[in-house]
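Here the structure is a predicted model, which is why all the values come from computation and not from measurement. To find a chain, count down the sequence lines: A is the first, B the second, and so on, and within it residues start at 1.
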Amino acid sequence: MIDTNLIKANSKDISERLKLRNYSFDEDLFANLEAQRKKYQTETEDLQAKRNTLSKEYGLLKKEGKDDTALSKNIESIKIDLDTCSNKLNEIQSSLKEFLLDVPNLPDDSVPSGVDEGSNKKIREHGEPAILKGKDHLEITSMIDTESANLLAGSRFAVLRGEIAKLQRALIAFMLDKAAEHGYTEYYLPMIANTESLTATGQLPKFSDDLFQLTDDYFLIPTAEVPLTNLYRDQILNLNQLPQKLTAHTSCFRSEAGSYGKDTKGLIRQHQFEKVELVQICHPDKSFEALENLTSDAETILKELNLPYQVVELCSGDLGFSAAKTYDLEVWIPSQETFREISSCSNCTEFQSRRAKIRFKEDGVSKYVHTLNGSALAAGRALIAVIENNYDQKGAINIPQALQDYTKCSSIKV
RNA sequence: GGAGAGUUGGCUGAGUGGUCGAAAGCGCCUCCCUGCUAAGGAGGUAUACGGGCAACUGUAUCGAGGGUUCGAAUCCCUCACUCUCCGCCA
């Protein structure tokens, strides 16, 4: 949520910046709602103040046994006005909130402008992508079983068997250990979140179609960013508690509505996948520095797995709803002869902390923290990358050195 | 799932219809006293939002939501959570 004072002060500027990310901000509607909010709030509070004083007087009169009919009438009429006024106020406040919850975060000034991914900017590259087009992961091994998954649940699910299931588990354990090395505290979390949590991090109310909803107030999480960030919801931290660095492995669930026909083959786009997430809660002055660190924490894993990848800075039009600045890490997928997103590291500035009311106290003043998140990494996609980039073309997958402590073997027969 | 008890400020804990944003203690902060240590004294110490250049001031908040009342921390209803006992269970 954007600071309303900021909008009031520079409505034009805000509107321009939001245009960069293809959001058209209705300045007039906002100004109108905000003006009305102010009017009705002041009026309501005045009436409440009046009622409070008169009620006190009434009490005194009663005590002294004096006549109270005139006062009683006066109070009654104030109550009627107050009722109308506060109803109106509630109505406007919820419209205003609805309006504001729909507005995406402001792109940071450093973000390249552009309408779509075509304007994303490659920052750096690491490793040597394979020259020849390779087999895809489904062709390489039958231990990824989409047919069974289809039988059990439907499309966009996978059953992993034997060594491949173990390989994914090894990847997750490796990633968690790396996160711990980088100072992140490991969490085990509910994989169901409620409406409030999902609203705080920005998935709701706008993107409910992307979520699996279980019941009225239960949703499967689309990422561990949701529970991890919400751990601090409604809290005021001490300055010395910052930064907080958290990590968790969870399953992630996405409806993938609107992606029919996209990446239908293999593990690339699933309804359920495993991911290790990094989250940082930090001082506003440190968040852009923290984004560089968090991104490099995620990169370390790709480096140690010897996977070729590139780092891309998203342009304004390609930013996610809550992000002010994002780096995508894209890993080389030989069968597709292209780089595919395997991590997305974002600085959400105070967008989520305003929604979640996560603050810290500095010099006696409470301020909003900045929140950051990034995958380190998406395990399903990492699995594909490891399989395809290490297939020896003869029936074995060579396990990267860094993983061998976990797999207890140096290659897998497929 | 059944029965009972509870939820008040950073903490402990008073408060059963008005003078209560809330006693007292602890903690914390400022100042005073004191040549160390220890002790003592005075004052201050929630959050959000609104109005005001500011000093300041208004409103709301005693688990959450609704209700009764001129007036609710206090009475009524619903819900959540915690604890104890029983049942069941990984």
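Using bins of under 30°, 30° to 60° and over 60° for the plane-to-plane angle, the ring pair Y23(A)/F25(A) lands in the tilted bin. Using cut-offs of 30° and 60° on the angle between ring planes, the pair Y406(A) and F174(A) is perpendicular. Under the 30°/60° scheme for interplanar angles, the aromatic rings of F339(A) and W332(A) are found to stand perpendicular.
Atom pair I92(A):CD1 and G50(B):P shows a separation of 15 Å (rounding to whole Å applied). Straight-line distance from the CG atom of L54(A) to the P atom of G71(B): 11 Å, rounded to whole Å. Across the protein-nucleic acid pair, N90(A) atom CG and G50(B) atom P stand 16 Å apart, rounded to whole Å. One atom, NZ of K357(A), and another, C1' of C49(B), lie 11 Å apart when rounded to the nearest Å. Rounded to whole Å, atom P of G10(B) lies 14 Å from atom CD of Q241(A). Distance CG (D217(A)) to P (C79(B)): 16 Å, rounded to an integer number of Å. Rounding to whole angstrom units, CG of residue N194(A) and P of C79(B) are separated by 19 Å.
Take the nearest nucleotide of RNA chain B for S72(A) and for R354(A): the residue whose nucleotide is more 5' is R354(A). Each of K79(A) and Y368(A) was assigned the nucleotide of RNA chain B with the nearest heavy atom; the assignment lying further toward the 5' end belongs to Y368(A).
Side-chain contact check for Y391(A) and N398(A): no donor-acceptor pair (N or O, by modelled atom type) lies under 3.5 Å. For the residue pair E225(A) / Q352(A), a side-chain donor-acceptor distance below 3.5 Å is found, with atom types taken as modelled. Side-chain N/O atoms of N120(A) and D318(A) include a donor and acceptor closer than 3.5 Å.
The nucleotide A14(B) finds no pairing partner, because no Watson-Crick or G-U wobble arrangement with both distances shorter than 3.5 Å includes it. Summarising the base pairing, U68(B) is matched to no nucleotide, lacking a Watson-Crick or G-U wobble pair whose two defining distances lie under 3.5 Å. In this structure C33(B) sits in no base pair that meets the Watson-Crick or G-U test at under 3.5 Å. Nucleotide A48(B) forms a Watson-Crick or G-U wobble pair with U59(B), both donor-acceptor distances falling under 3.5 Å.
Remark: the separation of the C1' atoms in G63(B) and G9(B) is 14 Å, to the nearest Å. Going from the C1' atom of C28(B) to that of G10(B) covers 9 Å, rounded to whole Å.
L106(A) places none of its side-chain heavy atoms less than 4.5 Å from the side chain of T349(A).
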For every nucleotide of nucleotides 56-63 of chain B, 5' to 3': is a protein heavy atom under 4.0 Å from its base (B), only from its sugar-phosphate (S), or from neither (-)?
--BBS---
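Ion pairing between E256(A) and R254(A) fails under the 4.0 Å rule for side-chain N and carboxylate O.
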Can you name the atoms? Protein N/O to nucleotides 18-20 of chain B N/O, anything below 3.5 Å, with the distance.
{"unit_1": "G18(B)", "atom_1": "N2", "unit_2": "S55(A)", "atom_2": "O", "d": "2.8"}

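No more than 12 heavy-atom neighbours from other residues, nucleotides or ligands sit within 6.0 angstrom of CD on E98(A).
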